[in-house]
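Please read the structure below before turning to the comments.
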Amino acid sequence: MRILKSRSFRASVSGSNHHLKVGFRRFVTSCRAVVLPRFGGPEVLELRPNVEVPDLKPHEVLVRARAASVNPLDTRIRSGYGRSLYGPLLPIILGRDISGEVAAMGDSVRGLSVGQEVFGALHPTAVRGTYSDYAILSEEELAPKPSSVTHVEASAIPFAALTAWRALISTARIAEGQRLLVVGGGGAVGLAAIQISVARGCHVTTTCGKKSIDRVLAAGAEQAVDYTAENIEFTIRGKFDAVLDTIGGPETERICINFLKRGGHYMTLQGDAASLSDRYGIAIGLPVATAALLKKQIKYRYSHGIEYWWTYMRADSEGLDEIRRLSETGKLNIPVEKTFPITQVIEAHEAKEKKQIHGKIVLEFD
């Protein structure tokens, strides 16, 4: 790891009751990072000792990583999902979630301070991810880490919770007293969706596997249906104001569309934008995807009177701050089942892909 002095960034030194601004600080120019040089299985991942750390832009923050969670998106990108976007940019660094400390800041950053513990998540399209001793995020992608949780626990929360937040709060605008169906409540996004909805005063029904029943009920779901043993089409009763589908698939969509009230929102995480872009290239694939989404929106608006959306995570400082408050008060928790040191990232990806571990996997940095 190489370091040098710079006058381009701000640092703070805390005294007993005050903060001093100093004219320079030491910051890294290279560090360890897990690099994806080509698409493939877990074995293609490389932990390189001296990967360049770019200069910070005015709104960016350099974070010393303490933990980074492994998301399904990470393993999918590694396998080739989104190759139309990421392929020309290889090698890239995987990882979206992070928890750590602020090491340096761009001149425009005002809401954070050097040395402060933070957590956050990068946008899905980021190519310099968080599987790195030092990660770079924008100020709006970070918030103070909840003091009631560890770095490992904090790193499991942001990406999943912000994905759920985008669907429920930004898109469906759920309100107290409404009924919500979460398809796939046992996963991290589904579990976050249940807890966010319950905190808003909603009544939640969810589908999940047998192993997740106790967990989703503890999170606040009023009804949990084991999709492996029950026919959800006949078990679930009543109509819902919103459906968040974390599983996808034509049959799931066919069934769950009919659970919605008129004026309700159907939101799926399994949109076709990336797959169509991979198939036809970005120049053709994105317009085709846009047309496919518009066709479905018109179809369901006229046939069922509902709104249909493909939903994705995005940076949302207001949402992340609310997620922090919910976590701080014990109302939002994403359980971590196993941790791996960053040196065992290949083993972590193997365990994730083989579904050997039921729950979140987190990489720890020494």
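Keep in mind the model is a prediction, meaning the values are calculated, not measured. For the numbers below, each heavy atom of this structure counts, side chains included, while hydrogens, waters and symmetry mates do not.
Between Glu253 and Lys299 there is no salt bridge, since no side-chain nitrogen of the basic residue lies less than 4.0 Å from a carboxylate oxygen of the acidic one. Glu353 and Arg78 are joined by a salt bridge, as a carboxylate oxygen and a charged side-chain nitrogen come within less than 4.0 angstrom of each other. Classification of Glu328 and Arg325 as a salt-bridged pair fails, no side-chain N sitting under 4.0 Å from a carboxylate O. Looking at Arg301 and Glu307, a side-chain N of the basic residue comes within less than 4.0 Å of a carboxylate O on the acidic one, giving a salt bridge.
The distance from the NE2 atom of His349 to the CD1 atom of Ile361 is 8.5 Å, given to the nearest 0.5 Å. Atom OG in Ser317 sits 8.5 Å away from atom CD in Glu139 (nearest 0.5 Å).
Applying the side-chain contact (heavy atoms from CB on, under 4.5 Å) test to Lys261 and every residue at least two apart in sequence or in another chain returns Lys239, Asp241.
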Test log, rule salt bridge (charged side-chain N to carboxylate O under 4.0 Å, His left out), inputs Glu176 and Arg200: CA-CA 6 Å; Glu176 183 177 359; Arg200 288 272 168 144; over 6 Å; no

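Looking at Lys360 and Asn71, their side chains do bring a donor and an acceptor atom within 3.5 Å of each other. With hydrogens and angles left out, the side-chain atoms of His151 and Glu364 include no donor and acceptor closer than 3.5 Å.
No more than 12 heavy atoms of other residues, nucleotides or ligands shown are found within 6.0 angstrom of CD on Glu318.
Cation-pi geometry between Arg179 and Phe240 is satisfied (NZ or CZ under 6.0 Å from the ring centre, within 45° of the ring normal).
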Please list every donor-acceptor pair under 3.5 Å in which a side-chain atom of residues 159-172 meets a protein atom from a residue at least two apart or in another chain.
| residue | atom | partner | partner atom | Å |
| --- | --- | --- | --- | --- |
| Thr163 | OG1 | Phe159 | O | 2.7 |
| Arg166 | NH1 | Tyr312 | O | 3.1 |
| Thr171 | OG1 | Arg166 | O | 3.1 |

